[in-house]
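This report refers to the structure that appears directly beneath it.
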Amino acid sequence: MKKITAIIRPAKLEAVKERLGREGVKGMTVTHVTGCGMQKGSTAFYRGNLYEVNLLPKAKLETVAADDAVDRIVDAIIAEAKTGEIGDGKIFISPVDDAIRIRTGERGASAV
Amino acid sequence: MKKITAIIRPAKLEAVKERLGREGVKGMTVTHVTGCGMQKGSTAFYRGNLYEVNLLPKAKLETVAADDAVDRIVDAIIAEAKTGEIGDGKIFISPVDDAIRIRTGERGASAV
Amino acid sequence: MKKITAIIRPAKLEAVKERLGREGVKGMTVTHVTGCGMQKGSTAFYRGNLYEVNLLPKAKLETVAADDAVDRIVDAIIAEAKTGEIGDGKIFISPVDDAIRIRTGERGASAV
Amino acid sequence: MIEVAIDTIWVLLAAFLVFFMQAGFAMVEAGFTRAKNAGNIIMKNLMDFACGSLLYWAVGFALMFGVTRGGIIGSSGFFGGGLFEHLELDIPIAAFLLFQTVFAATAATIVSGAMAERTKFISYLIYSIVITAVIYPVVGHWAWGGGWLGKLGFIDFAGSTIVHSVGGWAALVGAAVLGPRLGKFNSEGKPNAIPGHNITLSALGVFILWFGWFGFNPGSTISGLNLSIAHIAVTTNLSAAAGAVLAMIVSWLRYGKPDVSLTLNGALAGLVGITAGTAAVSFFGSVVIGAGAGVLVILAVEFIEKVLHIDDPVGAVAVHGVCGAYGTVMVGLFATDGGLFYGGGMALLGVQALGVLAVAAWIMSTTFILFKVIQVTVGLRVSASEEEGGLDTGEHGMNAYADFAMRTAP
Amino acid sequence: MIEVAIDTIWVLLAAFLVFFMQAGFAMVEAGFTRAKNAGNIIMKNLMDFACGSLLYWAVGFALMFGVTRGGIIGSSGFFGGGLFEHLELDIPIAAFLLFQTVFAATAATIVSGAMAERTKFISYLIYSIVITAVIYPVVGHWAWGGGWLGKLGFIDFAGSTIVHSVGGWAALVGAAVLGPRLGKFNSEGKPNAIPGHNITLSALGVFILWFGWFGFNPGSTISGLNLSIAHIAVTTNLSAAAGAVLAMIVSWLRYGKPDVSLTLNGALAGLVGITAGTAAVSFFGSVVIGAGAGVLVILAVEFIEKVLHIDDPVGAVAVHGVCGAYGTVMVGLFATDGGLFYGGGMALLGVQALGVLAVAAWIMSTTFILFKVIQVTVGLRVSASEEEGGLDTGEHGMNAYADFAMRTAP
Amino acid sequence: MIEVAIDTIWVLLAAFLVFFMQAGFAMVEAGFTRAKNAGNIIMKNLMDFACGSLLYWAVGFALMFGVTRGGIIGSSGFFGGGLFEHLELDIPIAAFLLFQTVFAATAATIVSGAMAERTKFISYLIYSIVITAVIYPVVGHWAWGGGWLGKLGFIDFAGSTIVHSVGGWAALVGAAVLGPRLGKFNSEGKPNAIPGHNITLSALGVFILWFGWFGFNPGSTISGLNLSIAHIAVTTNLSAAAGAVLAMIVSWLRYGKPDVSLTLNGALAGLVGITAGTAAVSFFGSVVIGAGAGVLVILAVEFIEKVLHIDDPVGAVAVHGVCGAYGTVMVGLFATDGGLFYGGGMALLGVQALGVLAVAAWIMSTTFILFKVIQVTVGLRVSASEEEGGLDTGEHGMNAYADFAMRTAP
Ligand SMILES: Nc1ncnc2c1ncn2[C@@H]1O[C@H](COP(=O)(O)OP(=O)(O)O)[C@@H](O)[C@H]1O
Ligand SMILES: Nc1ncnc2c1ncn2[C@@H]1O[C@H](COP(=O)(O)OP(=O)(O)O)[C@@H](O)[C@H]1O
Ligand SMILES: Nc1ncnc2c1ncn2[C@@H]1O[C@H](COP(=O)(O)OP(=O)(O)O)[C@@H](O)[C@H]1O
């Protein structure tokens, strides 16, 4: 089992979510985060003081899936989230040992 | 060492937290997230336009623990977070290589 | 590849972020979380009812990096985030299988 | 002619200020409750004024100020028609109607806070319509419309009892019938804190209410030529100030820190407390009354919650019910003309107590019936899952703070 | 002397209340739009009042109330200088100037909501200056400054057409020229919901507007000695109440739940609708007019969005443009003196319709030219990436809610 | 009798409007500071009005308006008792007391913003009590209570100096003694931006203040029969408008974008600046004074922060202290009767400057002693860890926005 973590533009969240639904992804968790990467943010003045706004809002979408679904999911995310401009974000894939559905106690692949 | 990530109903957070405290869990981190799974959300109207509220608020609770504590923690979370209704959430277990306590620089099991 | 997750005091976020920039860390993601650990929070009264404020605000900083950069990053975080008082936070290191840059589709080390 | 113009202007401006209190109530109540119910609170406050304005014009005003039937109820002047010569007003009846409309809406809106976060919207509408059209006008007639209570010499200058206690007792009954919010009491019956979501908004609401009270009390002379308006404005202000200061001190002593939300309640308690006697007591008297209200409101909040186990999220019962009754009785002690402490004996005190009890009895019995009837017909309370998800989503399909990340639903 | 003082006090207090409506507009508009543009909305509202005050004093007042040139435009009294004896006012000209200034600013500020979330700040400033200094004063002169429309017997007591429709039609043109917000319509042209970020703030704004309207309508007598101020205050209130109630009911029927934001719009629709006829219609008439406005505003919101595909985030066109025109025409039906339903025949109705059309034609043509000129010179709209990131960052380098975690930019 | 009623009504309504400014101050200050301290700010604003009302009635009013002792201090009329015939008022003394109470509270509350986010609550209470009961009444007596400054011909119509500079200089001393907020200056002494948490709330506060100022300035005639109230209302409005416009332009030029919070300050600067001369200058004069204040306030904000290294989170010193002094001096130039620019010579200018300096000297010295005494006794500042966690938790055990996810404590 793998966790796919995609950090994307907030404006793309709706499209990615819908697409993943169509791809058969049953569950996902979304967090509103801020981040920096290539995209550098901007400077602003508040009452005459310059300051840097270098953490930009991003949506972090996490979904745990079976190993063989990973590639399809990654491709789907890229298809929807890509604009080609700096700031499109990243996808990380990391191992998950087990998953449990709290409602039923089911474990493993059937729980995700 | 493992990370236990539980995505639960916000209303259950307090109970789960207290219970984990009683189970000897020393530290945990909580994030306010939204998610979708079996529980499908609802539709709403805003100024005459239908829209879907398909991301529901959830609490994400993360705690890193020694391998042998994992089962006890998982059971404790299920005991408190389960209502039996759709939307109870998921628990994921994933590997952690190392942990460091910033205050002291301690590493490994003694740091969590 | 590893993910370094640091849970630090919000007041230290700016300094840690700047320092990581100087250490060559290109990207990171920040989430506003609450947590408990050794630091126990406090009690408060609202309209005559005692309640516990036992989740304190923390900043969670995540950065995915090549294996050989991990130690340098951990040391840098400790250098900036440590006050020596309870509540300084934790760093966790966990495995990441792959990373993808959405904009270009690049994979692996070159994507982070 | 000029006299009439001055009185008309005064009454209208006062009515405008009292109208603005609706905004104050809405902000106080929204701020003291949870974000997931903020839109519902707003809607209830808006609707009890809107429905109330129409119904009070159509029915309530006639029942309250029409020609009396045996001192019990008015009976003429529906839809603002008919003659009101028996009122012996110099100002146009329209000005008086507006002033009375905003008063009626104040009585009605008090309840919305106490029943917040769990009442069905349609049921609240029904309650609101009945109280404004019938229940409130009846007691209003007793005291101000030529009814028996006014004839006995009952002094309730601007409505500690007739407006505020009316709202407060209805709130008590409503909250009791409805039951507490989910999670308000733990399994041993100990109350939990459910913090309000926006204390700056509540504070703004209190400032708006205080501001509006300068219409509520001084406007109740129904005459700008009556120079006691100045005295009234000062007693109003001193009492509010004393209420806030004492509530702060008492909360500090009891809970170790000066509590913001109770101090805000304290200011309102002082305002409610002085409303009956604002024209009848001295400056000193008003400070004492306000200070007493500031202490009383905290004890009452605790009593209602910890002893009665009734869940009133915003403290409406303590502020309006308890301090309204208290302020009315205090007139019997502090009225410089007729009060016990000024050599006036027990007579006035007796009448004041009688008025308080009679109104409480009327309101509690009628609203009990009303809420029970609603409960068994359309139902009074939303489902548990709707309550958990918030009434904004459940009743209105909306979200008051769509761009903010929340700790709670939604 | 005393008479003059009474009238002056009345007009000034009314002007203060109307001034306060600026706060109401700012809160309604900010609350109904997204957090990332809240600072920009505030700034537009503040600036159209500030620039407007200066320009109306310098130029606008003279064009509106100076000695008429053929009933088309005024021509004397720039910078508050000169004589205004032809106005036959008893009050000091300064009081009248202030009252008219706050009216001018109301007309101007209506547009900011309709063009919210995508207009360049500098471009909005230019629009705001031109409408206050020239476009609005011209129609104002026609109806109220001794111009041709007033001479024909056109009744627009406090400005359903002259103030609100002016703002509303300018808003329509502005929003149309500007185009919809990114993401407002999907690829098939179906509108998406873009929820406002702070409904409690919007509700507060509506209460403030309602409060201020008690200056807007009753103040338009320009005399406190005129006892019809009481009648006017009541018709204003009843119409607003009826507008809110009907909008609630209609939204409930159409969308299954009572919609908070449309109900708030309904109250405003009732206020706008009654503004023309507030002194001319009966209480019954005002209830009917308000109720109609409450229904109409929802249909208009849908029509503008779903049929015209024009994106007006706060409903300004429906509320001020449509309901302003509607209310003005209704006077031709409901005026107790001269209205069709009261045996007055078609004459008044014809004049009212003519006035509505003439004003619409003038405003739509001049503002179309204005916005087009701005568009091809400085540009009207911010870049797509600025729009996505929010105008607060893009136009002002700030963030309205720096301590809150947001679901959206920033 | 009618005359008295008119004046009484006018003074009371003006007092109500000035009272409402307390809400404005609370919102401006809360919005310009961080969420973690919002409850504390609210509490300070509420409490300085509540304590102030009681103390000014008990002591302050007597010191300010009692029978003079050598032009230095009043000495009769404690607790509203005694005769005030020497004031030669036609209105009831209660009306005058209320009007003066709300003025006193304005002076006191200005300080709370400058000392925000780090002052112990109990220490702020002590300061607030002393300034309202003693420090402010003394200067008030000098200028308005029959004291030496008024006798010299000092013109400070509604209190640019007597109210606003008093608050502003006290704020300067308080902020200096207290030291900057943690993190305000970096190790090289460069100031960091600490953005306010709720700019819509601040904007609402500014609109409320502007609205209240229509009571502050025109009310200071203490007579509604005095037709200059119309002139005063217009100069007040024009100056505020000019202040906002110029602050916007200057911030645009200096920082590349029009700054919202400084523009809001600019409006207030225009209001403070015109307060002294509002009845004495022409419309043109008021525009110039307001424009100057709009420029000055930005330079002053920078000077105080970057040169003096004093941390004033809301700009209270720049707005009230600097622009108050500036406006008072401008009267010496722009008074149409006696001003330098109108051929009046240097005499008035000299008196104005003397008044400004005398008041500054008195306030700075007494408040310096006061804050130092507080500092060495109960302590002035909260602990660093309390400051980091927020005063809401530390001083009041609460959280102003319990349902919102925050970027910062709590
Ligand atoms: N190494 C990393 N670890 C964690 N998060 C990262 C990392 N690099 C980028 N991110 C996240 O991805 C977001 C977008 O990154 P960015 O470099 O701007 O994308 P792109 O490379 O497509 O231009 C950042 O704001 C940050 O939240
Ligand atoms: N595959 C998944 N990956 C990540 N998060 C998930 C996944 N499935 C479910 N979740 C999270 O768990 C929450 C509850 O899931 P749900 O399917 O409604 O629970 P249940 O199966 O008990 O009914 C979702 O809102 C989402 O946040
Ligand atoms: N085992 C854990 N798993 C996840 N998060 C943890 C764990 N222990 C601590 N934390 C996080 O770290 C924060 C600081 O921990 P704390 O024990 O107070 O630090 P310290 O040991 O330096 O005093 C907590 O608020 C929590 O967010």
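By convention in this document, chain letters (A, B, ...) are assigned in the order of the sequence lines, proteins followed by strands, and residues within each chain are numbered from 1.
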Give the member of F/Ala5, F/Cys51, F/Ala26 that has the highest number of heavy-atom pairs under 4.5 Å with chain D.
F/Ala5
For D/Ala269 and D/Ala293, work out which heavy atoms get closest and say how close.
O-CB, 3.4 Å
Treating D/Glu117 as the side-chain partner and D/Arg34 as the backbone partner, does any N or O pair qualify as donor plus acceptor under 3.5 Å?
yes
With a 4.5 angstrom heavy-atom cut-off, which part of F/Leu13 approaches chain D: side chain, backbone, both or neither?
side chain
Which atoms of D/Val287 come close to chain F, meaning under 4.5 Å heavy atom to heavy atom: side chain ones, backbone ones, both, or neither?
side chain
Portion of D/Leu204 that has a non-hydrogen atom of chain F nearer than 4.5 angstrom
both
Do you know which of F/Leu98, F/Leu54, F/Asn198 has the most heavy-atom pairs under 4.5 Å to chain D?
F/Leu54
Parallel, tilted or perpendicular, as decided by the 30° and 60° cut-offs, for the rings of D/Phe216 and D/Trp213
tilted
If every non-hydrogen atom of F/Leu63 is compared with every non-hydrogen atom of F/Pro137, which pair is closest and at what distance?
CB-CB, 3.9 Å
Run the ring-centre check on F/His197 versus F/Phe32 and record whether the distance is less than 6.0 Å.
no
Taking F/Lys36 for the side chain and F/Asn399 for the main chain, is one N or O donor matched with an acceptor at less than 3.5 Å?
no
Check each atom of D/Phe20 against the heavy atoms of chain F and say whether the ones under 4.5 Å are side chain, backbone, both or neither.
side chain
Where on F/Glu395 is there a heavy atom nearer than 4.5 Å to chain D: the side chain, the backbone, both, or neither?
backbone
Of the backbone (N, CA, C, O) and the side chain (C-beta and beyond), which part of F/Phe96 lies under 4.5 Å from a heavy atom of chain D, both, or neither?
neither
Engaged part of F/Leu46 at the chain D interface, taking heavy atoms whose separation is under 4.5 Å:
both
Please work out whether the ring planes of D/Phe334 and D/Phe341 are parallel, tilted or perpendicular, with thresholds of 30° and 60°.
perpendicular
Under 3.5 Å, is there a donor-acceptor pair linking the side chains of D/Thr236 and D/Thr278?
yes
Would you say D/Leu262 and D/Val297 make side-chain contact, with heavy atoms under 4.5 Å?
no
Which bit of F/Ile208 comes within less than 4.5 Å of chain D, counting heavy atoms only: side chain, backbone, both or neither?
side chain
For residues F/Glu386 and F/Leu391, determine if any side-chain heavy atom of one lies less than 4.5 Å from a side-chain heavy atom of the other.
yes
Given a strict heavy-atom distance threshold of 4.5 Å, which part of D/Leu17 is in contact with chain F: side chain, backbone, both, or neither?
side chain
Do D/Thr221 and D/Phe157 come within less than 4.5 Å of each other through their side chains, counting heavy atoms only?
yes
Under 4.0 Å between a Lys/Arg side-chain N and an Asp/Glu carboxylate O for F/Lys44 and F/Glu29?
no
Toward chain D, the part of F/Phe19 with a non-hydrogen atom under 4.5 Å:
side chain
Of the listed residues (D/Ala203, D/Gly224, D/Gly243), which shares the most heavy-atom pairs with chain F below a 4.5 Å separation?
D/Gly224
Taking only heavy atoms into account, what residues of residues 250-260 of chain D are found under 4.5 Å from chain F?
D/Trp252, D/Lys257, D/Pro258, D/Asp259, D/Val260
